[in-house]
Amino acid sequence: MSIYDHKKIEKKWQKYWEEHELFRARDDSPKPKLYTLIEFPYPSGEGLHVGHPRPYTAMDIISRKKRMDGYNVLYPIGWDAFGLPTENYAIKTGQPPAQVTKKNIANFTRQIKSLGISFDWSRAVNTTDPAYYKWTQWIFLQLFKHGLAYKSKIAINWCINCKIGLANEEVVGGVCERCGGPVEKRLKDQWMLAITKYADKLLEGLQEVDYVPQARTQQENWIGRSEGAEIDFKIQGSDRKIRVFTTRPDTLFGATYMVLAPEHELVGQLKESILNLKEVEKYIASAKRKSDLERTELQKEKTGVELCGVRAVNPANNEEIPVWVADYVLGGYGTGAIMAVPAHDERDWEFAKKYNLPVRYVVRPVSVDSTNPPREEKQLDHLKKFSAFAGVGILMNSGSFNDLDFETAKWKITEEVGGHKKIMYKLRDWVFSRQRYWGEPIPLVFCEACAKSHKGESVGEQTNHGWIPLPESELPLKLPAVKKYEPTDTGESPLSTMSKWVNTKCPRCGGAARRETDTMPNWAGSSWYFLRYIDPHNEKEFASMEALKKWMPVDWYNGGMEHTVLHLLYSRFWNQFLFDIGAVPVREPYKKRTSHGMILAKGGEKMSKSKGNVVNPDDIVKQYGADTLRAYIMFMGPFDQAVEWDPQSLVGVHRFLERVWTTSERVSNDASCPKNIIRQEHQSIKKVGEEIEAMRFNTAVAHLMTFSNTLYKLEKVPRAAYETLLVLLSPFAPHACEELWALLGHTSSITEEKWPEFDSALLEEETFELVIQINGKIRDKYIVSSGITEEALRAEVLKRLKVEAILNGAEPRQFRYIPGKLVSIVA
RNA sequence: GCCGCGGUGGUGGAACUGGUAGACGCACUGGACUCAAAAUCCAGCGCCCGCAAGGGCAUGAGAGUUCGAGUCUCUCCCGCGGCACCA
């Protein structure tokens, strides 16, 4: 009699798997490939958190099952190790970030290995390893050479605490995503990546992949494509024009004023004609001072000021209309100017009401009946009192366009006034510079001499005069050791203080040059790590085309919803770019994307160090074992939903594994296997398999429990049925199943077993409980045989005492039989 | 405000295309074993009436479609996630 001692068996089998290289992905295998991926962790000093094992275990179960299905599975792991927490730790303690990172990776490795996840450790990558970031730099240089990286003085989001520029994506609700501190606008020279050039491709690509719907819509919203028209408005008494973008050119006749964003260049150009220039300048200055946070907080009431003396001409009806400056119009979107149609736009409506500007309705709702007066007129009259009519319909008050449908009118009016169709995106270019130490150095130098002779790289619209790329033979450009890791007070990276490193020779002309001292953002290394896993030790290329062709695309990528906008979009962009230059074989990197929910502390709060409610997986592994932890995390609740950690429920899963264990003592070779056991066995094969594939792990575990409970109650347990249970359970609780498998006399690993097949003929029940509903209420139930004909059944049912009592001799008005389920009678 | 998801026992959650609501756990109650406890095992467990047989009520609220609704339709309430002056 053996006891379930997880401490002994878990270490033993982890060692066995490693020694026998059972989870190595084989480049030369004839089996079909399957590439499963989880988001590689940031190895923080705090160590693993129970949230980490959720996606790892889920994809582990899928990977293990797929290996048993005959696939050659690549399930890799690595470290996304550049980043602020490590740098901040280095600032505090004076330890070099590289050293801290090494220690953290060792700890994470130990912790993850103790969970028995079937990663291929031989392919582990580390974004801070020069052998890795050499290729991150190489990809950046390709982007640079193709005109997709450019330096630009732009107003960036500046986090005052972190002393760092942030991408739009990193500013959440007006504050810094990392530290929650205030963000202000600052003009800075920044490297930018022209992701906007890929807006359409990134949108189109979503059509060919299988992403969880929220991920797809979030990406679509972020890219924010809208179709409309650009139309020019003349300025009275000047040859200048105001160009606007509108999605509703059909409402042009209703444009009763115009609004410029405070940043709009025209305000400066029209200085002479503005009668209230002082007032206007004061307004613009105050608008600029507002941070994003204030701008959103103050959205209750719109403000603005009229440019007195400036009038624009509505090209539809040649009417003179006033021009305003207001910060509800954004400088960064569209043309930075709008035609205001208060009758059909709620924002314009609000503004017009406040400043008493005229409102003219030019579209009416489509009629749904033919009352007199028509219903749509009543609707519109009603609406006029409270708000704009932002819906669509039929044109009115629009001259020769009256009674046209809005869609037709849009393009006819645009054409009539000399406008043109235009696609606009919300997506902005990606701010790629960080003024920080712990990131990849940007492999460019600035050469004064080359700048003067215009010998800089210049591709497409972007010119980067004087910026010279390092030759690829000089990569990696390593991070030099510095004494202090703090950003400087001027906001420059700590690298800028290292004159030895900064001052260098121009690779082009050999003259004096200075290195770029900004580093790359965190997102750089994670934008292509899935490619490096494929060929992680290649020194000549980031990955060979042969290996990429074998493994790409990633078949199944699971990650958190918090990464669906940033990481997913950036890495798709890099992969699409690499595809366009012929460096990777597929355009879309991820075929399928799923998402897991968070694990919350008891009480529904997020786990956090400051609240002291973090559960450390080490403790659970120690007390109950990795198998219990894995099965419990899967059993807690639906995989894609947030669930609360509940130590009480953990014991239920542990008991289940213990019962599976003790059942092994009663396994018998000669026990006959009753039909109902065989049926349940095959039902389990079917259900557990289907549920794993659909990520319904909680019900998969429930079915395993049901099957196990059945076997547990038998005095003699048929060997075949028990072995099936072990095989089905093994992806969830691999260590215990290996040990039990070996105890049954097997000499090879259970992970090498074939996933069993079910026989549909054996799934059928011979009898079922028929439910009899009379007038919609359940009145009787009894067991009938599955093969019964409707006629025979009807005769039987009508003779049932309870049925007779209600029918009272009368014929039923309706008799309906749902085979295998119920009979519904209407008396 | 807009978009998406959700609301089921004491509790976490099950329920395929409309067909026995509450699978599988946890907690709880009673019993067995024990000197005792823990562990384990057996039984019970939505609410109300009833000794029972049985009956009635129940999936956030209200209506509707249907022989039949947790599931479909409409209105409303609440919670979570995302976006938020994007013209």
Side-chain angles (χ1 to χ4, degrees), chain A residues 172-174 213-218 220-222 224-226 228 244-249 251 255 259 261 295-296 298-302 326-330 332-341 344-348 350-351 390 424-428 561-562 564-565 597-598 604 632 635-638 640-653 655-656 658-659 662 687 690 694 696 698-709 712-713 768-778 780-781 802 812-827:
Chain A
V172 178
Q214 296 109 293
R216 187 174 149 168
T217 30
Q218 274 189 38
E220 283 170 352
N221 291 343
W222 193 264
R225 182 186 198 270
S226 53
V244 301
F245 171 72
T246 174
T247 55
R248 293 293 302 272
T251 63
V259 186
R295 232 169 135 158
T296 43
L298 293 174
Q299 72 170 268
K300 316 151 216 157
E301 194 155 337
K302 300 192 192 328
D327 68 358
Y328 83 92
V329 172
L330 306 173
Y333 182 77
T335 61
I338 61 155
M339 63 178 213
V341 186
H344 300 289
D345 182 283
E346 278 169 34
R347 294 153 302 179
D348 297 344
E350 197 187 312
F351 193 77
M424 206 57 85
Y425 300 93
K426 287 185 204 169
L427 186 69
R428 295 281 89 93
M561 280 310 295
E562 69 273 19
T564 51
V565 176
M598 264 199 290
Y632 170 61
F635 183 63
M636 292 172 88
D640 57 356
Q641 277 172 40
V643 282
E644 281 177 38
W645 183 260
D646 179 8
Q648 277 196 320
S649 295
L650 192 69
V651 303
V653 176
R655 281 178 201 154
F656 156 60
E658 276 180 327
R659 282 197 297 269
T662 52
K687 282 181 181 159
E690 286 170 356
R696 291 196 302 261
N698 54 334
T699 51
V701 174
H703 281 121
L704 287 164
M705 285 173 168
T706 309
F707 185 35
S708 159
N709 287 344
Y712 184 68
K713 286 183 186 129
F768 69 95
E769 190 179 36
L770 179 80
V771 171
I772 300 172
Q773 276 186 10
I774 303 175
N775 295 337
K777 294 219 185 257
I778 295 163
D780 199 5
K781 298 174 185 179
K802 290 188 185 156
R813 283 199 285 162
Q814 202 181 78
F815 185 99
R816 210 182 291 241
Y817 172 48
I818 313 300
K821 294 224 155 82
L822 57 71
V823 157
S824 178
I825 297 171
V826 181

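All chains are named by letter (A, B, ...) in the order of the sequence lines, taking the proteins before the strands, and each is independently numbered beginning at 1. What you see is a predicted model, and the numbers here were worked out from it, not measured in a lab.
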Inset, instruction - Report the residue (Met636(A) or Arg248(A)) whose heavy-atom-nearest nucleotide on RNA chain B is the more 5′ of the two. - result: Met636(A)
Inset, instruction - Please measure how far the P atom in C80(B) lies from the corresponding atom in C67(B), and state the result in whole Å. - result: 41 Å
Inset, instruction - Could you work out which one of G82(B), G19(B), A23(B) sits closest to the side chain of Leu822(A)? - result: G19(B)
Listed pairs, N/O of protein and of nucleotides 64-72 of chain B, under 3.5 Å:
from, atom 1, to, atom 2, distance (Å)
C67(B), O4', Gln814(A), OE1, 3.2
C67(B), O2, Ser824(A), OG, 2.4
C67(B), N4, Arg816(A), NH1, 3.1

Legend entry - side-chain hydrogen bond (donor to acceptor under 3.5 Å, both in side chains) involving Glu690(A) - partner list, sequence neighbours excluded: Lys686(A)
Inset, instruction - Respond yes when some side-chain nitrogen or oxygen of Tyr328(A) is under 4.0 Å from OP1 or OP2 of A87(B), and no when none is. - result: no
Heteroatom pairs (N/O) under 3.5 angstrom, protein to nucleotides 39-46 of chain B:
from, atom 1, to, atom 2, distance (Å)
U40(B), OP1, Arg655(A), NE, 3.4
C41(B), OP1, Tyr712(A), OH, 3.1

Inset, instruction - Between Lys821(A) and Val653(A), just flag the one whose closest nucleotide in RNA chain B comes earlier from the 5' side. - result: Lys821(A)
Legend entry - U65(B) versus G13(B) - spacing of their P atoms, nearest Å: 34 Å
Inset, instruction - Look at Asn221(A) and G82(B) and indicate whether a side-chain polar atom (N or O) is within less than 4.0 Å of OP1 or OP2. - result: no
Legend entry - Rounded C1' spacing from C5(B) to A87(B) in Å: 29 Å
Legend entry - Base versus backbone protein contacts along nucleotides 52-60 of chain B [heavy-atom cut-off under 4.0 Å; B, S, -]: ----SS---
Inset, instruction - Round to the nearest Å and state the distance from Glu220(A) atom CD to G4(B) atom P. - result: 12 Å
Legend entry - For Gln641(A), all residues meeting side chain to side chain contact (heavy atoms under 4.5 Å, CB included), sequence neighbours excluded: Pro638(A)
Inset, instruction - Under 4.0 Å between any heavy atoms, over every strand shown, what does Phe635(A) touch: base, sugar-phosphate, or nothing? Just pick one. - result: base
Inset, instruction - Counting heavy atoms from C-beta on, name the nucleotide in A87(B), C26(B), G4(B) closest to the side chain of Ile338(A). - result: A87(B)
Inset, instruction - Give the rounded distance in Å between these two atoms: CG of Asp345(A) and P of C2(B). - result: 15 Å
Legend entry - Asn709(A) side chain, from C-beta outward: closest of A23(B), A27(B), G25(B): G25(B)
Output a table of donor-acceptor pairs, distance under 3.5 Å, between side-chain atoms of residues 817-827 of chain A and any protein atom two or more places apart or on a different chain; print 'none' if there are none.
from, atom 1, to, atom 2, distance (Å)
Tyr817(A), OH, Gly820(A), N, 3.3

Inset, instruction - Identify which nucleotide among C24(B), G19(B), A87(B) has an atom closest to any side-chain atom of Leu330(A), counting heavy atoms from C-beta outward. - result: A87(B)
Inset, instruction - Kindly say if Thr699(A) contacts the phosphate of G13(B), meaning a side-chain N or O under 4.0 Å from OP1 or OP2. - result: no
Inset, instruction - Sticking with atom P, work out how far U8(B) lies from A14(B), rounded to a whole angstrom. - result: 11 Å
